[in-house]
Amino acid sequence: ADGSASEDDGTITMGFAQVGAESGWRTANTKSIQETAEAEGVDLKFTDAQGKQENQIQAIRSYIQQKVDVIAFSPVVETGFDAVLQEAKAAGIPVILTDRAVDVDDPSLYETFLGSDFVLEGERAGDWLVENAADSDVNGDGTVNVVQLEGTTGAAPAIDRAEGFAEKIAADDTIEVTASQTGDFTRDGGKQVMESFLQSDDTIDVVFAHNDDMGLGAIEAIEAAGLTPGEDIKIITIDAVKDGMTALAEGKINYIVECNPLLGPQLMDLAKKVLAGEEVPERVVTEEGAFDQEQAKAALPDRQY
Amino acid sequence: MTTPPEVVAPPEGERSPVIEMRDISITFGAVRALDRVSLRLFPGEVHALMGENGAGKSTLIKALTGVYTIDAGEVIVEGEPHEFHSPAASQEAGISTVYQEVNLVPNLTVAENMMLGREPRRFGAISVRDMNRRARRTLLHLGVDIDPRSTLDEHPIAIQQLVAIARAVDVEAKVLILDEPTSSLDADEVEKLFTVMRRLRDEGVAIVFVSHFLDQIYEIADRMTILRNGKLVEERMVAQTTQLELVRSMIGRELETLDRLDCEAPKTDAETGVPVLKAIGLGRKNSLEATDLELFEGEVVGIAGLLGSGRTELARLLFGADTADTGELTFRSERRKLRSPRHAIDRKVAFSSEDRKAEGVVGDLTVADNMLLALQASRGWLRPIPQAMRTQLVDDYIAALDIRPADPHALMRNLSGGNQQKVLLARWLITQPEILILDEPTRGIDIGAKAQIQAKVAELAAQGLSVVFISAELEEVLRLSDRLVVMRDRRKIDERVNADVSVRDVLEIIAGEAHPEPQAEPQSEGATHV
Amino acid sequence: MSTATVNPGSASTWDRVRSFTPPPRYYPILATLALFIGLFGLGGMRYEGFSDPQVLLSLLIDNAFLIVLGVGMTFVILTGGIDLSVGSVVALSTMIAAKTLQMGWSPYASITAVLLTGTVLGLLMGLLIHYFDIQPFIATLAGLFLARGLTYLISVESISISDDTFTQLAFKTVYIGEYYIRWTAIIALATVAIAAFVLARTRFGRTVYAIGGSESSAMLMGLRVAFTKVGVYVISGFCAALAGLLFSLYILSGNSLHAIGMELDAIAAVVIGGTLLTGGRGYVVGSLLGVMVLGIIKTLISFDGTLSSYWIRIITGLLLLAFVVVQRFATRRRS
Amino acid sequence: MSESSSRAARLLRHPLLWPVLALVVLLLVNVVVNPNFLNVRMQDGHLYGNVIDIMRNSAPVMLVALGMTLVIATRGIDLSVGAIAAIAAAVACTRIIGAGDEAALTTAVMAMTYAVVVCVALGAWNGFLVSVLGIQPIIATLILMVAGRGISMAITDGQITTVNNPFFSDLASGFVLTLPLAFLIAIAVLAFTAVLTRRTALGMLIESVGINPEASRLAGVRSRTIIWTVYAFSGFCAGLAGLVIAANTNSVNANSLGLWIELDAILAVVIGGTSLAGGRFSLMGTFIGALFIATLARTIPNIGIPSDLNYLFKAVVVIAVCLVQSPKARASLRVRRTGPPTSGPAPTPAPAPAPAKAGISS
Ligand SMILES: Nc1ncnc2c1ncn2[C@@H]1O[C@H](COP(=O)(O)OP(=O)(O)OP(=O)(O)O)[C@@H](O)[C@H]1O
Ligand SMILES: Nc1ncnc2c1ncn2[C@@H]1O[C@H](COP(=O)(O)OP(=O)(O)OP(=O)(O)O)[C@@H](O)[C@H]1O
Ligand SMILES: [Mg+2]
Ligand SMILES: [Mg+2]
């Protein structure tokens with residue numbers, strides 16, 4: 001990775017293969033990258049794989065054919081990129097991963113991975129619940145009954161968040177996940193599943209949703225059942241998009257773990273370093289926090305996405 | 001008409017039947033289509049299966065060849081009880097069948113249609129060359145000179161029928177079943193078919209033949225089985241049965257209306273009136289050369305011609321089913337280009353197509369809906385026909401045309417072929433047209449009903465309806481029409497007032513035009529080789 | 001063809017070439033081909049590096065699995081049926097391959113297991129469709145659910161494939177001069193060739209067309225309708241499994257989220273290639289071209305690289321629209 | 001005696017018998033797992049319970065499926081309904097947000113009217129491609145299926161747009177006469193469609209075009225207008241469905257709203273007994289089919305099927321329903337139960353070959 005092309009005319013050409021535009025989080029992510037690229041004079045080639053790995057591989061291959069200086073992408077899934085990454089390596093084009101990792105045998109196939117740690121996010125959610133277990137036993141029956149709204153079955157964030165969460169709540173045996181069902185990361189899905197949970201079980205204390213959208217859907221279902229979200233049933237979600245933060249500030253959600261989509265600046269920074277031949281760490285974790293209701297009120301005015 | 005050709009006595013007693021069906025019954029829901037019917041087939045005979053529309057002929061054939069499951073009774077094949085469970089099984093056992101409606105696939109070539117399932121192969125692969133060559137040879141035997149590589153749906157229904165026949169006779173079969181193979185064929189083709197049938201008969205094949213043309217029965221058949229209302233009436237030698245006896249057996253009463261038509265065919269003075277329809281130079285590339293035609297009120301214009309002469313094309317252009325490339329149409333005094341059938345229907349033109357299966361029948365709708373379709377279409381969907389009027393119209397026409405079963409709610413596809421044809425005729429009569437174009441309206445219609453339909457046409461013409469009448473049966477055309485248009489090679493070659501024209505005259509007109517053009521229809525040349 | 005025999009001496013090859021008109025049944029394919037070339041030319045003019053022959057070869061490599069899917073789908077659609085399960089079967093195949101390899105099976109056993117599973121699934125759907133009269137759309141929709149469900153059953157998480165035979169097959173390239181192609185693409189082209197032969201030159205193939213033309217006629221003609229109708233679903237299942245193998249070579253992993261909606265791509269490719277959904281008319285070569293057209297639309301968009309997520313979808317739709325409309329007008333003249 | 005037995009026989013042959021039976025069985029399964037499943041109570045002045053939820057949640061699929069039924073009856077198919085629903089939602093939500101008074105009734109009404117008009121136009125566009133240009137329905141509607149998502153994303157700028165309009169929200173969450181408004185809207189459209197097709201001649205003409213287009217053309221049926229109308233109507237229904245879905249969460253996610261709803265809708269149509277080969281259709285069947293699908297969606301969390309077994313469960317249910325509906329499958333079951341057919345009642349004849357060319361299936 002010598003970045004010779006960038007020295008020719010001074011501008012960097014970056015090929016970026018996005019997963020898709022499946023959520024508000026993702027569009028914020030795309031926007032951040034596109035805007036930063038423009039601001040920093042990087043010539044960005046952008047494609048949207050519409051959630052399909054084969055599209056993403058084809059896009060990367062076409063970047064290789066177009067001889068871009070650097071390729072960045074958020075893998076649709078973690079496996080299966082070996083072949084195309086080897087082609088990129090053979091063509092001397094450095095690769096940066098964002099958002100999600102890939103699972104390859106040869107770590108030299110990519111320069112660095114910039115993104116969140118989904119397991120960690122789940123762990124944080126779990127930690128908060130363990131800390132607030134006493135409060136969370138809303139109906140005071142001695143057990144904290146949690147229902148989980150999973151993301152799309154098989155998707156890495158869904159698997160990892162569930163794993164991190166389960167690991168942490170195992171520490172407290174009053175906490176129990178009584179039902180878990182996929183809501184496909186959408187509000188509608190979250191609402192419908194939550195409706196059903198409410199009908200069949202009236203001892204629910206806590207909802208853990210794998211993203212804000214499903215949490216927002218659950219809020220609607222809880223309200224329709226005549227209960228008060230945030231009080232009668234506690235809600236924990238992940239992402240911290242604006243709508244989620246608003247609900248948090250209004251007291252309808254109790255805790256949100258942030259998953260930061262604004263990777264643009266860090267990505268451009270890394271790309272420049274890589275092309276300049278500087279050493280970069282193999283793993284760059286994005287800076288992200290977590291919010292309770294008070295913090296949300298403070299942070300909300302600056303929230304852009 | 002009543003000169004039965006001498007027939008060899010049936011080989012009864014000496015030879016045993018190849019196939020014997022005993023007391024076969026089949027029920028469809030509440031309809032008892034066959035009620036203990038028996039049939040015996042001997043090798044080396046042509047056996048006619050006779051009966052009115054809906055008598056159960058096609059059902060009996062389908063029961064034999066494994067299309068329908070038999071409810072009761074037994075089939076004995078060469079002395080052994082045996083029932084076929086699929087058409088394929090019957091075919092393997094040496095029964096080759098042409099079913100009533102053309103049952104070929106429109107999207108494949110003529111040769112493929114003939115050879116499907118037994119294509120000649122070389123090194124395991126189908127040899128297209130061999131296939132085409134063999135198909136062409138078989139077709140030429142039947143006097144059909146078409147390119148076997150052309151797709152089937154490019155050809156008119158008559159050719160398709162001949163292809164279906166060619167497919168059936170091309171195999172080594174013990175039994176050949178032909179269900180109304182001649183319904184849209186001209187005399188020439190029929191003659192060629194008979195030649196082939198005689199040859200096969202002499203080779204020992206047993207042939208089942210269904211036709212509503214009694215002349216054909218007397219010409220070719222040796223014995224016959226007569227059905228009525230799903231029941232067996234009798235089995236007879238053709239030579240020992242007069243036409244009157246036969247008809248009485250078939251319909252269960254005397255037939256009165258048969259020959260009464262010519263005397264009261266109405267005459268109109270074509271010279272003075274304004275034509276209701278006038279075509280000048282009407283033509284279409286590759287199908288019809290520029291043609292003039294006039295049609296006056298209350299007049300029946302018959303169109304005569306041989307297979308492929310362009311009669312159907314002319315009719316379609318008059319109705320806007322195809323759009324004309326050249327020429328113009330004038331309705332009374334209004335000049336009009338027809339871009340779709342709607343335009344014609346709006347001018348009170350009606351057209352009954354020769355291809356009832358593809359262009360007429362809406363199989364999954366009821367008889368009533370089928371009858372009212374054209375009227376409803378012209379009223380528009382916002383003005384449904386009131387219930388009382390529906391019942392009235394449907395019941396009237398079911399009675400008038402003697403449609404069986406007389407059930408307006410029966411599904412159209414379950415009707416017998418002839419009854420479907422009557423429903424389609426009713427569809428158009430209900431619209432009360434001023435101009436009625438009938439392309440082979442009596443195709444597959446039994447003898448009683450044919451007379452009924454002819455009478456109906458004559459009656460309507462007397463009331464002022466103008467009719468264009470096309471039929472492969474020249475006698476019928478001559479009997480009905482006031483004026484005769486003769487066509488050949490896709491153009492009009494003559495026009496006569498039909499007072500004194502005979503079948504022979506028409507044939508001479510057609511033959512007289514037959515300059516030795518390279519494109520001349522092979523059928524008309526080989527007409528005398530029987 | 002029947003013209004130009006007035007003067008045999010001057011009827012040169014050129015005259016015959018000039019007066020040659022292909023039979024109308026080839027018009028859809030020829031139109032597709034012409035439009036494909038047009039799209040390629042358009043890309044070549046607009047984008048640097050597009051006119052490189054390697055772009056074409058990459059199209060074959062990147063779409064090898066879709067080509068094979070299209071072949072199976074062509075058989076089904078020619079009989080007037082449809083197979084919605086193929087995308088899920090692809091996912092299931094990648095999963096079976098990955099899981100069995102992970103469990104230490106030999107690659108050949110694993111490949112056999114994959115092909116067998118796809119074929120059996122196809123057989124089951126075919127039997128449902130023919131013997132129980134269940135509409136193909138629904139039977140294969142159940143197949144879609146079933147195959148996807150089995151995939152989840154095997155593993156919810158994705159599994160990498162690191163078997164040597166698989167990786168070697170995946171990376172092995174064949175050089176044609178300075179350009180290269182992968183084995184997967186060659187397998188796909190071979191599938192097309194075999195399928196074209198089967199459809200054109202075997203009784204099975206002709207029966208497929210006959211059923212599409214009129215199933216009841218085919219039955220009355222005594223053709224082997226049951227065998228053929230079940231057969232096309234078996235073929236489609238087999239092709240889906242083979243495509244699944246090619247896909248696992250392509251991405252060297254098994255994943256339950258693979259190939260969601262890929263059945264629509266396959267159907268679209270077949271239909272774009274000139275095959276009628278009502279059955280009876282069409283060619284596998286058309287489906288190959290259909291896949292290439294879909295692929296080149298994607299390539300055009302990624303070469304452009306300036307489109308936002310939603311413009312990518314809109315432009316894809318517009319290109320598709322332009323394509324089918326032009327194709328429609330190009331083939332309409334025949335009637 | 002004989003009259004009651006003939007009535008039973010008629011009931012046994014009723015085309016809706018099997019779909020209804022399937023629905024009942026599915027409900028029974030739920031009750032077995034959760035005895036309170038069918039309980040309904042009053043809450044905040046309206047009914048509340050699983051059944052009520054099922055009614056409300058069935059509305060979008062029911063709406064889409066009603067339009068789809070007519071399209072399928074003409075031998076067509078409409079893949080674009082999901083995208084059209086997303087466009088409707090996007091249009092309505094951005095209009096509501098852009099309006100002066102976001103929470104006003106007029107805002108909601110204007111926005112929804114506008115959205116529905118757009119959808120009718122989109123449906124008419126599909127109809128144009130199919131009937132005038134003669135493009136195969138599946139590909140004609142695929143175009144809008146692909147581009148429509150992009151359009152709705154462009155309208156919302158790819159963001160999840162949240163609206164605050166109580167009237168809009170009532171479309172999905174409101175109750176009238178203690179029943180969910182969304183369900184009542186679907187019923188109203190059902191009634192409207194039934195009147196439109198069965199009290200006029202439209203239904204018969206649609207069926208005729210679907211069964212034999214050429215014969216219909218020669219009989220003077222304006223098939224072009226009919227096909228056009230039917231696709232426009234499908235667009236209308238999809239638009240309404242999109243509004244209901246958006247109102248359900250007071251937001252629109254252009255990417256996921258109505259995704260794969262076309263498959264659910266087609267499934268509902270087929271479960272209801274309408275053949276994909278075109279021709280005769282049953283609106284009541286579609287109604288039952290949509291209820292079935294909503295019940296199935298509720299069954300999964302209710303009986304606690306783990307997420308990774310959802311698909312297997314659905315596969316089993318779909319296959320079971322199809323087998324139950326298939327006369328051939330039932331016949332073969334019966335034969336096995338009663339032994340060889342020789343002793344039993346007369347076996348039914350093999351189905352007569354369809355007269356017209358078989359479409360997708362026969
Ligand atoms: N599949 C079916 N379902 C119900 N009724 C049927 C079915 N097939 C035939 N029928 C009925 O059985 C009777 C016999 O019909 P069939 O077709 O055998 O008559 P046909 O003698 O061949 O008459 P045609 O000369 O008009 O062809 C008719 O009344 C017909 O309506
Ligand atoms: N779709 C078509 N494509 C090509 N040629 C056709 C087509 N339809 C008809 N022809 C040809 O046009 C000629 C006229 O056919 P037409 O059907 O009008 O004849 P006809 O006199 O009505 O004969 P028939 O008694 O068979 O109905 C025939 O030679 C036929 O082969
Ligand atoms: Mg008959
Ligand atoms: Mg004719």
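Just the heavy atoms: all of them, side chains too, but no hydrogens, waters or symmetry mates, feed the values below. If you're wondering where the values come from, they're calculated on a predicted model, not measured in any experiment.
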Visitor: Side chain to side chain contact (heavy atoms under 4.5 Å, CB included), that's the test. Do C:L277 and D:I77 meet it? Break it down for me.
Guide: CA-CA 11 Å; C:L277 262 186; D:I77 200 150; 5.9 Å; no

Visitor: Heavy-atom distance under 4.5 Å to chain C: side chain of D:I139, backbone, both or neither?
Guide: side chain

Visitor: Is there a side chain to side chain contact (heavy atoms under 4.5 Å, CB included) between D:Q136 and C:V324 once you walk through the steps?
Guide: CA-CA 9 Å; D:Q136 300 192 55; C:V324 291; over 6 Å; no

Visitor: Should C:L264 and D:M145 count as side-chain neighbours, where that means a heavy-atom distance under 4.5 Å?
Guide: yes

Visitor: For C:I312, which atoms come within 4.5 Å of any heavy atom of chain D: side chain, backbone, both, or neither?
Guide: neither

Visitor: Relative to chain C, which segment of D:L129 carries a heavy atom at a distance below 4.5 Å: side chain, backbone, both, or neither?
Guide: side chain

Visitor: Under 30°, 30 to 60°, or over 60°: which ring-plane class applies to D:Y311 and C:F145, parallel, tilted or perpendicular?
Guide: tilted

Visitor: With only heavy atoms counted, which part of C:L128 is less than 4.5 Å from chain D, the side chain, the backbone, both or neither?
Guide: side chain

Visitor: Measure the CD-CD distance between C:Q135 and D:Q325 for me, rounded to the nearest 0.5 Å.
Guide: 9.5 Å

Visitor: Heavy atoms, side chains only, cut-off 4.5 Å: are D:T156 and C:Y310 in contact?
Guide: no

Visitor: Between D:K328 and C:H130, which heavy-atom pair has the shortest distance, and what is it?
Guide: NZ-O, 3.5 Å

Visitor: Can you tell me which portion of D:L323 sits under 4.5 Å from chain C's heavy atoms? Options are side chain, backbone, both or neither.
Guide: both

Visitor: Where on C:L276 is there a heavy atom nearer than 4.5 Å to chain D: the side chain, the backbone, both, or neither?
Guide: both

Visitor: How long is the straight-line distance from CG of D:L133 back to CZ of C:R328, given to the nearest 0.5 Å?
Guide: 8.0 Å

Visitor: CZ/D:R149 to OG1/C:T316 distance, rounded to the nearest 0.5 angstrom?
Guide: 14.5 Å

Visitor: Using 0.5 Å steps for rounding, measure from the CD1 atom of C:I129 to the OG atom of D:S326.
Guide: 12.0 Å

Visitor: Could you give the distance from CG (C:L141) to CD1 (D:I266), rounded to the nearest 0.5 Å?
Guide: 8.5 Å

Visitor: Side chain, backbone, both or neither: which part of C:S155 has a heavy atom under 4.5 Å from chain D?
Guide: neither

Visitor: Do the side chains of C:I82 and D:I138 get nearer than 4.5 Å, heavy atoms only?
Guide: yes

Visitor: Give the minimum heavy-atom separation between D:A147 and C:G317, together with the two atoms involved.
Guide: CB-CA, 4.0 Å

Visitor: Heavy-atom pairs under 4.5 Å with chain C - which of D:V318, D:I143, D:V146 has more of them than the others?
Guide: D:I143

Visitor: Please flag which part of C:I314 lies under 4.5 Å from any non-hydrogen atom of chain D: side chain, backbone, both or neither.
Guide: both

Visitor: Closest heavy-atom contact between D:I319 and C:A142?
Guide: CG1-CB, 3.5 Å

Visitor: Against chain D, work out which of C:L144, C:L320, C:V325 has the most heavy-atom pairs shorter than 4.5 Å and name it.
Guide: C:L320

Visitor: Consider only side-chain N and O atoms of C:Y152 and D:N310, and report whether a donor and an acceptor are under 3.5 Å apart.
Guide: no

Visitor: What is the distance from atom CG of C:L150 to atom CG of D:L309, rounded to the nearest 0.5 Å?
Guide: 10.0 Å

Visitor: I'd like to check D:V269 versus C:F137 (side-chain heavy atoms, cut-off strictly below 4.5 Å). Are they in contact?
Guide: no

